[in-house]
Amino acid sequence: MCGIIGYIGKRQAQPILLHSLAKLEYRGYDSCGIAVASSGIQIYKDAVRVAELAKASPQLDGTIGIAHTRWATHGEPSQVNAHPHCDCTSRLAVVHNGVINNYQSLREQLTSEGHKFISETDTEVISHLVEKYYHGNLEKAVAAALSDVEGSYAIIVLAADEPKLVFAKKDSPLVIGIGDRENFAASDVPALLDYTNRVIYLEDGDIGVVTEDSIKVIRDSKEIAREEHKVLWSAEQAQKGGYEHFMLKEIHEQPKVIRDTLGEYTQVPQQIVDLEIMRDTGKEPLLILACGTSYHAGLVGKYLIEELLRVPARAEIPSEFNYHGHSFTTRLTIAVTQSGETADTLKAMKMLKEAGCKVIAISNVVGSTATRIADQTIYTRAGPEISVAATKSFIAQLMVLYWLVMVYSKVYSKADAKRAADMLLGLRQLPSKVQQILDNDSAILKCAKYLSSYENVFFAGRGINFPIALEGALKLKEISYIHAEGYAAGELKHGPFALLSADTPVVAVVAKDNTYEAMLTNIKEVKARRAPVIALVGEEDETIEKIVDLVITVPRVNAIFSPVVNTVALQLLAYYTARQRGCSIDFPRNLAKSVTVE
Ligand code: AGP
C-alpha cells in the first residue's frame, strides 16, 4: 500500500505535491519522491519521510508533476527503489501503488530488447513498457503497456513536453480531484481535501487523462462519464477512511489482508520459500521467537506445527531466550515480527545465526532489520499498521503460519493431500467469515459496555485458543487500561481462582474441538465462584448459552481456523470497551508501535 498524487494546473506543482503527499503517509512512509515537468523531467527521491524530502529537495520548477510515498513490497527502501521510476530516455516518469505479479518475466523480456533497469522494483517495468509502446500518444502507450501487466495498479504517468497526466486503475484505489483551472489524481481523498472536495471515484479498468482544465475517463477505448461527488470529511477523517480510529479501520481491513496475504502465497508457493532450509531441520525442535502479539501468533504456529506435522516446536519470548537460550540447539528458527525492528527479537536472531541456525523471518516491513538478518523472509501483506495495538498484522501472521504448515506438509509429507486441500478451502473462506463478524457486532458492543465498568478481567482458552485468550487480554489491557490476564483455562484452578469474584468477569474462548468438554467444566467452575462469564462460541451453542451471562457467537469454521474468527471478535471487544471508557485508542499511554530498545 503506497500513496500516489499528481497535479496539473496554474500553480507551482512542487509545494502542492509535497503537501498532499504528507497526507498519504499513513499508506506507507519508508521512502518517497517527486517528479516535476517543465523542459524535461526533474526528479528528487530518497529513503526518507516526506517532511525530510521537502526540506532537502531542490526547487523543481513546473506546474505539472507526480509524487509517491512508499510501502515497499519489491526492493528494499532506498533512493534507487523510491518512486517515480523512469524509462531509458528519462522522458517518462511513473508512480505506482499495487503489485505487478509478472514483473520478472516482463523485465527479462524488456532487458532482452535493450532496456536498462536500475531498480529492484516491480514498478519500473511499467515505465519501460510505456516507452516501448510510445508512438506520440501517451494514453495509447499506457493502455498498451498495461495490457502486458498482471497484478494490481493505480498509476500516474508524466511525460516531458506533454501538458497532461495519464492515470489508470485496477485493484488499487485512485480518485480524481476537480479544481478551478487545476486537477489532481490521488490514491485517496485526504491528499485532495485542502485543495478541493469535488472528486471522481474511478472504477477498476478505468484509464484516462487529466489536463489543467479537462478530465477524460476512457474504458475499452471509449470516453465515458464518471459521477462527481462532494466529500464532507476532514482530511484526518479521510485518512481513517471514515472510521473513528485507525484501529477500527485496520480491524475492518482484515478480510482484504487475508486475501492479499494468502493470494501472494497460494499462487506461487515454491518461489517464496526455500524448502531446503525447511528440509534440513533434522529432529531438533523448531524454534519460534517473537514478542507481544507476534509471540501469540507464534504460539498458534507451535500448535499448528505440532498438531498437523507432528514436529516438535517451541515458542519463546526473546527477552528471556536471550539470557538462557544458549544451551538450546535448533537448526531452524522462525522469528515473527510485524515491524522487523523489535530489539529483543533481533538480538535473538543474531545470536542464533552466529550459532549456525537458519532463520526465517515473518515480517510486515520490507527492508526492516529482521529481513536483513534472516536467511529468508516471508512477508505478511497487512500494509502499514498505524494503530499501536496490532490487529491486521496478527491475522496476516496467522495466514503465513497456516500457509507455512501447508508447505511444510509437503516437506514432511505428514498431512495428506486431502487435508491440505481442505485447509486451503478453509483458508479461502476466512475473509467472508471475518466479514460476517464485522457486519454483526451488536453482541460484542453489548459485552463491551458490560466489561467497561470492571477493572479486572480474565480471559481463558484451551489448545489452539489458549494463545487467543492471551491476545484478547493483551488487546484489552493495551487500549482500555483494564487489568486483563489470559490463562490456559486448565490453569485457573491452580491459583487464579483465588482472584475470582463477582467483580472479575471471565471471557471464555470456546472452540468445538477436543477441548470443548473441558472448557465447559472450567466455565462451570468459574460460575461456581460467582464470576460473570462472557463466552465466545461458534454459532448456535445452547449448552453454553444456558450457563453463561453473555455470549458472543462467531461464524462456524473448522476448529483449526477458530483462532482467526475468535481474535477478530476479541479485537472488537477490546476496541469498543476502550471507546466506552474514552481511552486514546490509536496511541495508548506508555507504548510504542515498535520497541527498538531491550
Ligand atoms: C501489540 O499490540 C503490541 N504493539 C506489541 O505487543 C507488539 O506486538 C510487540 O512489540 C512486537 O512487535 P513486532 O511484531 O513489531 O516485533
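Since the model is a prediction, treat every value here as computed from it, not as a measurement. Counting convention: from 1, in listed order, for ligands and their atoms alike.
- Identified under the side-chain hydrogen bond (donor to acceptor under 3.5 Å, both in side chains) test for residues 551-563, with sequence neighbours left out: N465-S562.
- Of all protein heavy atoms, the one closest to atom 1 (C) of ligand 1 is T293 OG1, 3.1 Å.
- A salt bridge links K347 with E598: at least one charged nitrogen is closer than 4.0 Å to a carboxylate oxygen.
- A salt bridge does not link K240 to E244: none of the charged nitrogens lies less than 4.0 Å from a carboxylate oxygen.
- Atom 15 (O) of ligand 1 has as its closest protein heavy atom S339 OG, 2.6 Å.
- At least one test fails for R581 against the ring of Y481: distance under 6.0 Å to the centre or angle within 45° of the axis.
- A salt bridge links R372 and E76; the closest N-O separation between the charged side-chain nitrogens and carboxylate oxygens is under 4.0 Å.
- Residue contacts with ligand 1: A390 is placed with a nitrogen or oxygen under 3.5 Å of a nitrogen or oxygen of the ligand (distance criterion only).
- Contact between K475 and ligand 1 is present, with at least one heavy atom of the residue lying under 4.0 Å from the ligand.
- When each atom of ligand 1 is checked for a heavy atom of A389 under 4.0 Å away, the hits are 2 (O).
- For ligand 1, the atoms closer than 4.0 angstrom to any heavy atom of S294 are 8 (O), 13 (P), 14 (O).
- Among all protein heavy atoms, the one lying closest to atom 10 (O) of ligand 1 is V595 CG2, 3.9 Å.
- Ligand 1 has no nitrogen or oxygen under 3.5 angstrom from a nitrogen or oxygen of K593.
- In terms of protein heavy atoms, atom 3 (C) of ligand 1 is closest to E478 OE2, 3.3 Å.
- We find the CD1-OG1 distance between I362 and T380 to be 8.5 Å, quoted to the nearest 0.5 Å.
- Under a 4.0 Å heavy-atom criterion, V388 is in contact with ligand 1.
- Side-chain atoms of Q254 and H252 include no donor-acceptor pair closer than 3.5 Å.
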May I have the step-by-step check of ring pair (Phe, Tyr, Trp, His ring centres under 6.0 Å) for Y487 and F466, ending in yes or no?
CA-CA 7 Å; Y487 281 97; F466 161 45; 8.7 Å; no

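- Closest to atom 9 (C) of ligand 1 among all protein heavy atoms lies C291 O, 3.8 Å.
- Aromatic ring orientation, F561 versus Y402: perpendicular (interplanar angle above 60°, classes split at 30° and 60°).
- Remark: ligand 1 atoms within the under-4.0 Å shell around heavy atoms of Q338 are 13 (P), 14 (O), 15 (O), 16 (O).
- Atom 12 (O) of ligand 1 has as its closest protein heavy atom T342 OG1, 3.5 Å.
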